Structure formats: C-alpha cells, structure tokens
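Single-structure report; data block below.
To find a chain, count down the sequence lines: A is the first, B the second, and so on, and within it residues start at 1. What you see below is based on every heavy atom in this structure, not just the backbone, and it leaves out hydrogens, waters and symmetry mates. Computed from a prediction, not measured in an experiment: that's the story for all the values here.
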Amino acid sequence: MIIVEGLRKSFGAVEVLRGIDLAVAEREVVCVIGPSGSGKSTLLRCINRLEEPTAGRVVVGGVDVTAPKVDIDKVRTSMGMVFQSFNLFPHKDALGNVTLALETVLRMDRAAAEARGREKLAAVGLEGKERSYPNQLSGGQQQRVAIARALVMKPKVMLFDEVTSALDPELVGEVLGVMRDLADKGMTMVVVTHEMGFAREVADRVVFMDDGVIVEQGPPADVLGSPTHERTQSFLSKVL
Amino acid sequence: MDGLLEEFFDLDIIADMFPGLVTEAMKNTLVFTFFSFVGGIVLGMVLALMRLSRSRALRWPAAVYIDVLRGLPALLTIVFIGFGLPIATGIRFPFPTYTPGCLALSLVYGAYMAETLRAGIEAVPPGQMEAARSLGMPHRTAMRRVIVPQAFRIVIPPLTNELLALFKDTSLLAVLGTLAGGKEILKFSRDLVNVRANTSPLVAGGLAYLVITLPMLRLVGRLEARSRPAR
C-alpha cells in the first residue's frame, strides 16, 4: 500500500532523513518509534508530501506521490492525517470540520455530507457534539473530531503523527481506543507514537528510527521485547 | 468670555446648519467612508494575496504598490486622482461627486489594509493550512475556506481602527472642488465659516465627527480587549 524508497530530506544543511526504505502492506498497522528529532514525523509528512522529499520515492496505492506531475490533492484524499496539535478549524463546529472537505473537495451536497459526517462523529463516540466548537471540546474530543474529519474522506491509509502527545494523560485512552477500533477494522495505518503499550498491542510491526535512519524493525514482541540493536535498547530503557 | 462663546458657540449660526449638516454633510462623509472602505478592503485583499503568492511576478508589483501608496501623503494621492488624472487623460468619472474621492481613498487605504490583512493571514497557525491540504483541499480552497475566514477574525480590531482613520480622512476630500450637494462635513463647515465669518460651524462639524468616532473608539477598545486572550 505504501512504498518508501531511498527517502532523504534535508532542512538547509541538516539532513533529517538519511535514506529510508519502508513498505507497508494493506491492512497493516506500523508503529514508528524513536527519540525526538529522529525524523519520524518528517517521514510521515513526506508520505503525503506536506514536506517535499529531497530525494527518493514514495508510492501510495500504486501512485508515485513524488512524481513531479502528480495531482497531489487527489492523492491526499486517499490519505488521512491526524496531527499532534489537532489543527481543527476553530471557526467551524465539529460537524463543519468534518464536512468541509466533503463539500469542497468531493463536491458532495450539504445534506449528504452532513449525513456522512454525523455517522463518522458517532463512530468516534461524539454523537451529540456535532454543534460544539473546538474550544468547547476537551482535547480528547477534539482529537477524535480530527480523526473523524480524516476518516470521512474514506481514505485507504491513515497517518497518525504523535496524536496523543498533546493530551492530558486521562484523555489518551479514548483516542487510542478509536485508533484500535480502526486497526481492528483493517485500516492501513502508520502511527508515529510514544505510546509503547499501544505499539505492543496494536501494531503488526514496530519500526525504530534514530538519527534519520531505520535502525531496527519487526514484530512488536521482538523490537520492544528483545531488541537486537544497542540504540534501540538504550531508547527503550529510557521510555519503558 | 462672551466674545469667545460667540466666536465658537454661536447657537443661531449652528442652528442654521441644520438640516444640511446631517442630510448633506454627514451623509456624504458616510457615503465616502463606506465606498472607500469596501473598495479598500477588496483591493487590500487582492494585494495581500499577491504579496503572499509564490510567484514573484505577483509579489513584486504588490509590494511596490503598497510601499509607494503608504509612502505618499494621502492628500497628494487625492489631488492627483481628483485633479491631475482628469486633466492629464481627459477621463470623466461617472458619478463625479463621489467617484474621484472614493477612488483615491480606496487606493490609499487598500495599501494599508493589504498590510493588515497580510499580517492576519500570517497569524493563522501553519497547522491550519496543513490540515486543510492534508484533506486534499487545493491551496486556493484552503485559503478561501480555512485561512481567510480566520484571518478576518484576527484583523477585526485593526481593521476597525483603519475604518476610523478612513472616516476622519474623508475630510481630506475637502480640497476637491465639490459639486452641489457633494460636500462632506469639513468642506460643509469650512465654507460656512467663510460665509458667516465665525468659527462656530467648525465646532459643529467637529461634534458631527465625534458623534461617530467616539462610539467607534469605544468599539475598537472592546474588540481589542476581547481578542487579547488567545484561544
């Protein structure tokens, strides 16, 4: 579903990604872990080209995302992304957040868009919150609206960028619960996270990144339980 | 003391100013303000988007325009549009009472508002554009539906301030020879000062400005106070 080949990304003189190769199969859940500054988020942002890769290729669902002539907007409708800082539209209520792209990108009429939007908000446990504005919702609720906003486009892939890092500890569970449901339903997911428990239970594969390269990857039990690489061991000893 | 009172507050003279002070002078000041504000905001929005464009061919002319118009005295621009342009080109403005004045003020305030609007657009967190783009929205759609509505909310206080400044600057249009019925407050009052050889009309004109500007100042203060605690 996702193929990353020889991906490099520099910001000025700093090379943040130094040759990443990664393939994610359909229905696979890949959790990317690693110290901050290791390039995890940049990798995710290169997959939907919020960042322009310096070199290498990214192919999603058979479409070369990095090709110069690609219709990136069209590709992005098949890739949902959820951000650490929610990035909900503050001038729209929950339903307005969820339906905006349906109306402006997929050109659905309002009634159909709202029907689908309500359905998705209910699916993330936010029935009755359709008319609440982001500033009236808790962090966990906001992040669930953000997930619904991405899901409503019926993406083939979901990208999660440290989506629980900005949440109060007691609100983390409700967001991870929604993500777990999504994984159980067979969504292809790339999850950058610091939640080792989630990675252990939900991921099909854990990828450990450090300093712009993939150091080690494999089933969660292996990578988290008996890491072979010294850098992985040292990182895990600090976070577990 | 009586002399002063008579010079500044001659009630008979002031009473004679009605209803013209309201039906002609204040009305015209408001008409000039309204059309110049609308023209300025439209021009300002176009200029702001040009300045933020990725294309140098759009950024550059907008930057030059904004700097030149902000660098010139508004009065010069007004005289240039009102007298210079018609003489040099033979253009005859439609609605000659209002068009030259509104055009000149729109051109000047468009430059100021462009800077305000640009600052507002830049103040919208970058995550908003990223979220919109990640949903497949083209840049233009994201601008129109996500960024600009939030930018407008941010710039309401400074824009209200500019409306206030514009309202007062309509007095600069007094230099244009006005057609019958076209005088704004300053020209209307000033002409009566000459006719009556007394300053009271100017005082009445000043009060006419304050009737509008004092509530607006209060409004600006309240808008600024409300927008201060960040969301």
Side-chain angles (χ1 to χ4, degrees), chain A residues 41 44-45 47-52 65 71-92 96-107 133-137 142-143 145-161 163 166, chain B residues 41-42 44-45 48-49 52-59 113 116-160 222-231:
Chain A
S41 289
L44 211 59
R45 292 162 61 85
I47 292 176
N48 71 353
R49 251 180 68 187
L50 279 183
E51 301 291 352
E52 213 59 56
V65 176
D71 180 353
I72 190 65
D73 293 327
K74 185 151 179 272
V75 181
R76 282 179 180 147
T77 59
S78 66
M79 271 188 278
M81 185 164 195
V82 186
F83 302 85
Q84 176 176 355
S85 51
F86 322 146
N87 295 347
L88 291 184
F89 308 136
H91 59 305
K92 302 258 175 206
N97 265 275
V98 174
T99 54
L100 183 61
L102 292 178
E103 290 176 29
T104 59
V105 178
L106 301 187
R107 305 263 168 229
Y133 281 82
N135 62 7
Q136 299 166 319
L137 297 170
Q142 289 187 56
Q143 196 59 296
V145 173
I147 294 173
R149 178 174 71 176
L151 286 179
V152 83
M153 303 296 283
K154 306 214 160 132
K156 295 195 220 104
V157 175
M158 284 287 287
L159 309 172
F160 293 88
D161 188 5
V163 297
Chain B
I41 223 165
V42 170
M45 197 69 229
L49 291 174
L52 292 169
S53 158
R54 274 162 297 187
S55 146
R56 284 187 65 146
L58 289 174
R59 266 198 328 257
M113 291 184 198
T116 306
L117 291 168
R118 180 175 67 103
I121 288 169
E122 285 179 334
V124 176
Q128 291 291 312
M129 179 56 91
E130 290 182 353
R133 296 304 305 272
S134 78
L135 291 164
M137 273 185 228
H139 186 269
R140 286 180 72 102
T141 310
M143 265 290 174
R144 217 180 54 237
R145 301 299 298 269
V146 176
I147 307 299
V148 170
Q150 293 183 60
F152 259 107
R153 222 167 277 198
I154 294 170
V155 300
I156 284 173
L159 223 46
T160 314
R222 220 175 322 152
L223 288 172
E224 280 172 349
R226 204 173 54 177
S227 68
R228 212 168 290 130
R231 263 173 314 210

(message) For chain B, which candidate among L159(A), T104(A), N48(A), V75(A) shows the most heavy-atom pairs at distances under 4.5 Å?
(response)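 Top count of heavy-atom pairs under 4.5 Å with chain B: T104(A).
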(request) Identify which part of A142(B) has an atom lying under 4.5 Å from any heavy atom of chain A, answering side chain, backbone, both or neither. (result)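 Interface part for A142(B): neither.
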(message) Please classify the contact of T141(B) with chain A as side chain, backbone, both or neither, using a heavy-atom distance under 4.5 Å.
(response)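 The answer is the side chain of T141(B).
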(message) Among N87(A), V145(A), V152(A), which residue satisfies the side-chain contact (heavy atoms from CB on, under 4.5 Å) criterion with N97(A)?
(response)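 Only match with N97(A) under side-chain contact (heavy atoms from CB on, under 4.5 Å): V145(A).
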(message) I'd like to know whether T77(A) forms a side-chain contact (heavy atoms from CB on, under 4.5 Å) with D73(A), so could you lay out the CA-CA distance, the side-chain angles of the two residues, the decisive distance to 0.1 Å, and finally the verdict.
(response) CA-CA 7 Å; T77(A) 59; D73(A) 293 327; 6.0 Å; no
Are side-chain heavy atoms of [X] and [Y] found at a separation under 4.5 Å?
X: Q143(A); Y: F160(A); answer: no
X: E224(B); Y: P157(B); answer: yes
X: V82(A); Y: D161(A); answer: no
X: L137(A); Y: N135(A); answer: no
X: R45(A); Y: M81(A); answer: yes

(request) Spell out the residues in residues 120-130 of chain B that have some non-hydrogen atom less than 4.5 Å away from a non-hydrogen atom of chain A, in order of number; otherwise answer 'none'. (result)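 So far as heavy atoms go, G127(B), Q128(B), E130(B) are the residues that approach chain A to under 4.5 Å.
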Is [X] in contact with chain B via its backbone, its side chain, both, or neither, using a 4.5 Å heavy-atom distance?
X: L106(A); result: neither
X: M153(A); result: side chain
X: K74(A); result: neither

(message) Counting neighbours of CZ on R59(B) that are heavy atoms of other residues, nucleotides or ligands and sit closer than 6.0 Å, is the number greater than 12?
(response)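 Enclosed.
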(message) On the six-membered ring of F89(A), is R149(A) placed so that its NZ or CZ lies under 6.0 angstrom from the centre and within 45° of the ring axis?
(response)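 Satisfied, under 6.0 Å and within 45°.
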